[in-house]
Every structure is written in C-alpha cells, then in structure tokens.
Amino acid sequence: MDTEALRSFVRAAELGQFRTAADELGVTQQAISKRIAGLERELEIRLFTRTARGVELTRDGHTFLPHARGVVASVERALTAVRPGARTLRIDVLGLRTAQAVILHEYWRSRPGSRIDVVTLKVTDPWEAVAAVAAGEVDATFRTVTDPAGLPPGIRMRHAFDSPVELLVGPKHPLAGAVSLAPRQLRKHRIWVPGIAPGSEWADFYDQLVTEFDLRVDAAGPHFGDEVLLDVLAESGDVATLVGARDRYVWPEHQDLRRIPIALPSLAYPVSLILPSTNPHPELRGVLAHFASLPRLPEDTWVPSWATRP
C-alpha cells in the first residue's frame with residue numbers, strides 16, 4: 001500500500017480540504033486527488049464525499065482513519081530511527097569498565113541530550129567487530145586491527161586516545177610500596193593477564209611488550225571475571241597485573257590494592273575507533289573531538305608498532 005497515499009488521506013481527513021492538505025504536503029491538489037482515488041480503488045470503498053466547503057469522510061472513511069493514522073505514525077518512527085542525527089549512536093566497547101566506556105561516559109555527561117547506546121559485542125576477533133560496522137550492526141567499534149590495509153572498502157580506523165598502563169598489586173607484593181615504576185623494574189615479576197585471546201590486538205600488544213622489556217606475562221587460565229582477579233591479587237605476594245589508568249576497578253577496602261603508574265618510559269595501550277569512511281553517525285564528530293581534548297602522554301611513551309596517530 002502506498003504510504004504517501006495514506007499520508008495524503010490522513011491530512012485531507014484532518015483538514016477537510018484537498019487543497020490545504022496539498023499545500024501542507026508540498027504537492028499539487030491534483031496529486032492528492034490521484035493518490036486518494038488510487039487508495040479508494042485498492043480498498044474498493046469510497047473514503048470521501050465532496051461538499052461545498054471541501055470533503056467529508058464517509059462511514060468507511062471514518063472506520064479506516066485510525067488505522068491509516070497508525071500506519072503513517074509507524075512509518076515516521078521507522079524513518080526517524082534511521083535518519084542521520086536523529087537515531088541513537090550505537091558504539092561497541094570492549095567492556096563497561098574499560099577506559100573506552102569511562103571516557104564515553106565523560107563525553108555523555110558533558111553533552112546533555114546526546115543519545116548513545118553503549119554495547120559490548122561478544123567477539124574477541126577484531127575483524128568480527130569490523131564486520132559488524134560494515135553490516136551496520138553498530139556505528140563504530142573500539143577495536144584495532146594491526147593491518148589496517150586489510151579493512152574492507154568504506155571502513156576506516158581512527159586513533160582515539162592512548163590509555164596509560166599501570167601495575168595493579170596487592171599489599172603483600174614486593175612492589176606495593178612504590179610510587180612509580182620503570183618497566184625494567186617489572187622484570188622477573190609475574191604479571192598475570194588471564195584470558196588473552198589469540199589473534200586479538202591485545203595479544204599482539206602483550207607479545208611486543210614482553211619482547212621490548214623482557215617481561216614475564218602469564219596468560220594462563222580463563223578469565224573468571226575481575227572480582228576473581230582482584231581476590232587473587234589481594235592475597236598474593238608475587239602476582240601483579242597490568243590495567244589501564246582510566247579503567248574502572250572497585251575493590252573492598254580490606255583488599256588494599258595499589259595502582260602504580262609506570263614511567264621512564266610510560267607504557268600505553270593505543271585505542272582506535274573503527275567507523276564508516278563516508279556518512280558516519282554525526283555524533284561521532286563530537287566523540288572524536290572529546291578524545292582529542294584528552295591530555296597528551298609524554299613523548300617517550302612506548303606504544304606497539306601498529307599504533308596509529310591523529
């Protein structure tokens with residue numbers, strides 16, 4: 001059924017005149033008449049009778065009007081849902097406690113009225129997230145591919161921000177009293193990062209980190225959640241882990257965990273945003289501008305070889 005004919009019928013019924021309806025819809029009176037005549041042929045009923053002042057609904061027209069209004073309203077809602085600038089920005093983050101989600105929340109608080117739907121795709125392969133952007137399942141994803149030349153046509157990767165890395169330890173760890181640490185001071189200490197997914201960008205990050213600084217990163221065992229990891233750190237005298245400086249971790253006071261900055265050089269995880277090359281969601285401009293306003297890291301900050309820059 002022609003939705004424009006339905007729209008014309010609804011406005012003519014509400015206004016009582018074809019001419020006024022035509023002016024409002026930006027078409028000719030003849031076009032309105034043709035649309036409604038076609039609708040009457042399809043329905044095999046009369047919708048209007050003409051009067052000296054315009055048109056009036058027939059009994060069938062009165063019966064049909066609320067249903068036509070419902071269809072027109074549904075079409076308007078559908079168009080609004082996909083109209084750029086009107087629909088909600090749907091963006092994928094690795095986790096709701098990550099720096100990605102924390103900074104997005106800061107952006108949302110600074111821009112009242114911003115419509116953002118933060119989701120976490122249940123994929124570890126960044127190329128699956130790329131496919132989700134290409135398919136329109138999400139508007140953008142905070143993932144990184146180490147070979148951006150392999151991105152499909154119409155998809156690009158932008159540097160978002162660099163996330164400084166900190167050491168997280170419990171009170172029994174020999175490094176617990178440090179104010180800051182250099183990477184060389186982490187050598188021979190067990191850095192436990194369970195659940196590193198093979199083929200992910202963070203797996204390559206840790207591979208390069210180990211090679212560059214001769215660190216001992218242990219990825220043994222599945223990741224049973226942050227609470228289990230924090231429990232282990234609180235009780236251990238030899239286990240530490242690495243976390244992003246902006247990652248959100250909360251633990252009970254009695255665990256007395258310590259977050260220790262790393263410097264000389266600082267270590268950072270480069271966070272990228274993968275999005276469409278053309279006609280990206282308008283809200284992404286503001287998001288990227290917010291990232292660009294974040295404090296810069298020291299010039300000597302170490303990042304992996306595949307890190308992109310603005």
Side-chain angles (χ1 to χ4, degrees), residues 93-107 109 118 120 142 144 160-196 200-203 205-206 208-210 212-221 223-271 290-291 293-304 307:
V93 299
L94 283 171
L96 296 179
R97 293 182 176 181
T98 63
Q100 305 161 3
V102 171
I103 295 175
L104 269 180
H105 182 239
E106 292 172 356
Y107 169 77
R109 291 184 63 186
V118 179
T120 53
F142 281 104
T144 298
F161 61 92
D162 293 316
S163 181
V165 173
E166 297 178 334
L167 191 75
L168 181 62
V169 298
K172 300 177 184 177
H173 196 279
L175 299 177
V179 176
S180 66
L181 292 164
R184 56 182 169 75
Q185 294 175 275
L186 308 182
R187 291 172 184 163
K188 300 182 180 179
H189 290 282
R190 181 188 173 201
I191 300 173
W192 188 39
V193 187
I196 296 177
S200 64
E201 73 268 20
W202 59 92
F205 172 85
Y206 285 112
Q208 292 194 36
L209 193 64
V210 166
E212 182 74 19
F213 298 103
D214 191 24
L215 301 185
R216 180 188 169 200
V217 173
D218 180 4
H223 184 30
F224 285 101
D226 293 333
E227 288 74 17
V228 172
L229 176 61
L230 298 180
D231 285 343
V232 171
L233 294 175
E235 295 299 322
S236 175
D238 67 347
V239 178
T241 195
L242 295 174
V243 297
R246 293 187 180 93
D247 293 349
R248 184 184 291 116
Y249 287 91
V250 180
W251 53 81
E253 186 176 352
H254 71 268
Q255 288 187 341
D256 194 23
L257 300 181
R258 324 287 175 82
R259 301 180 71 144
I260 306 171
I262 299 173
L264 302 175
S266 299
L267 309 178
Y269 189 95
V271 179
H290 181 72
F291 294 152
S293 71
L294 297 175
R296 298 287 179 174
L297 298 184
E299 288 294 328
D300 66 345
T301 298
W302 179 89
V303 292

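Everything numeric here is computed off the predicted structure, so don't read it as measured data.
Residues Tyr107 and His105 form no side-chain contact, since every pair of their non-hydrogen atoms from C-beta on lies 4.5 Å or further apart. Using a 4.5 Å heavy-atom cutoff, the side chains of Leu175 and Leu167 are in contact. The closest side-chain heavy-atom distance from Ile260 to Val179 is not below 4.5 Å. Within the 4.5 Å cutoff, no side-chain heavy atoms of Leu233 are placed close to those of Val169. Looking at Glu201 and Pro270, their side chains never come closer than 4.5 Å, going by heavy atoms from C-beta outward. Side chains of Val243 and Arg259 form a contact here, defined as non-hydrogen atoms less than 4.5 Å apart. In this structure the side chain of Leu267 reaches within 4.5 angstrom of the side chain of Leu209, judged on heavy atoms.
Between Gly95 and Thr98, the shortest heavy-atom contact is O-OG1, 2.7 Å. Closest non-hydrogen pair, Ile103 versus His290, comes out as CG2-CD2, 3.7 Å. Taking each heavy atom of Pro261 and Glu166 in turn, the nearest pair found is CA-CG, 4.1 Å. Ser180 approaches Gln185 most closely through the heavy-atom pair O-OE1, 4.3 Å. What you find for Leu229 and Pro194 is that their closest heavy atoms are CD1-CD, 4.3 Å. Minimum heavy-atom separation, Pro174 to His189: CG-CE1, 3.8 Å.
Under the rule for a ring pair (Phe, Tyr, Trp, His ring centres under 6.0 Å), the partners of Trp302 that lie at least two apart in sequence or sit in another chain are Phe205, Phe213. A search for ring pair (Phe, Tyr, Trp, His ring centres under 6.0 Å) contacts involving Tyr206 returns nothing, not counting sequence neighbours.
Using a 4.0 Å cut-off between a side-chain N of Lys or Arg and a carboxylate O of Asp or Glu, Asp218 and Arg216 do not qualify as a salt bridge. The pair Glu227-Arg97 counts as a salt bridge, with a side-chain nitrogen and a carboxylate oxygen less than 4.0 angstrom apart.
Between the side chain of Arg258 and the backbone N or O of Asp256 there is at least one donor-acceptor pair closer than 3.5 Å. Remark: the backbone N or O of Gly244 is paired with a side-chain donor or acceptor of Asp247 at under 3.5 angstrom. Checked by atom type and distance alone, the side chain of Gln100 pairs as donor or acceptor with a backbone atom of Leu94 at under 3.5 Å. No donor-acceptor pair under 3.5 Å is formed between the side chain of Glu235 and the backbone N or O of Val232.
Environment of CD in Gln255: crowded, with over 12 heavy atoms of neighbouring residues, nucleotides or ligands closer than 6.0 Å.
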Step-by-step side-chain contact (heavy atoms from CB on, under 4.5 Å) determination, Arg246 to Leu294: CA-CA 12 Å; Arg246 293 187 180 93; Leu294 297 175; 4.2 Å; yes

Worked check of side-chain contact (heavy atoms from CB on, under 4.5 Å) between Leu104 and Val118: CA-CA 9 Å; Leu104 269 180; Val118 179; 4.2 Å; yes

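The CG atom of Asp226 sits 4.5 Å away from atom NE2 of His223, with the distance rounded to the nearest 0.5 Å. Here the CZ-CZ distance, from Phe161 to Arg296, works out to 12.5 Å after rounding to the nearest 0.5 Å. Rounded to the nearest 0.5 Å, atoms OG (Ser236) and NZ (Lys172) are 8.5 Å apart.
Ring geometry for Phe291 against Phe142 counts as perpendicular: the plane angle is over 60°, on a 0 to 90° scale with 30° as the lower cut.
Of the candidates Ile262, Asp214, Val165, Ile262 is the only one forming a side chain to side chain contact (heavy atoms under 4.5 Å, CB included) with Pro183. Here the options are Leu257, Val250, Thr241, the test is side chain to side chain contact (heavy atoms under 4.5 Å, CB included), and the partner is Leu230; only Leu257 passes. Each of Pro265, Pro164, Ser163, Ser266 was checked for a side chain to side chain contact (heavy atoms under 4.5 Å, CB included) with Leu297, and the lone residue meeting it is Pro164.
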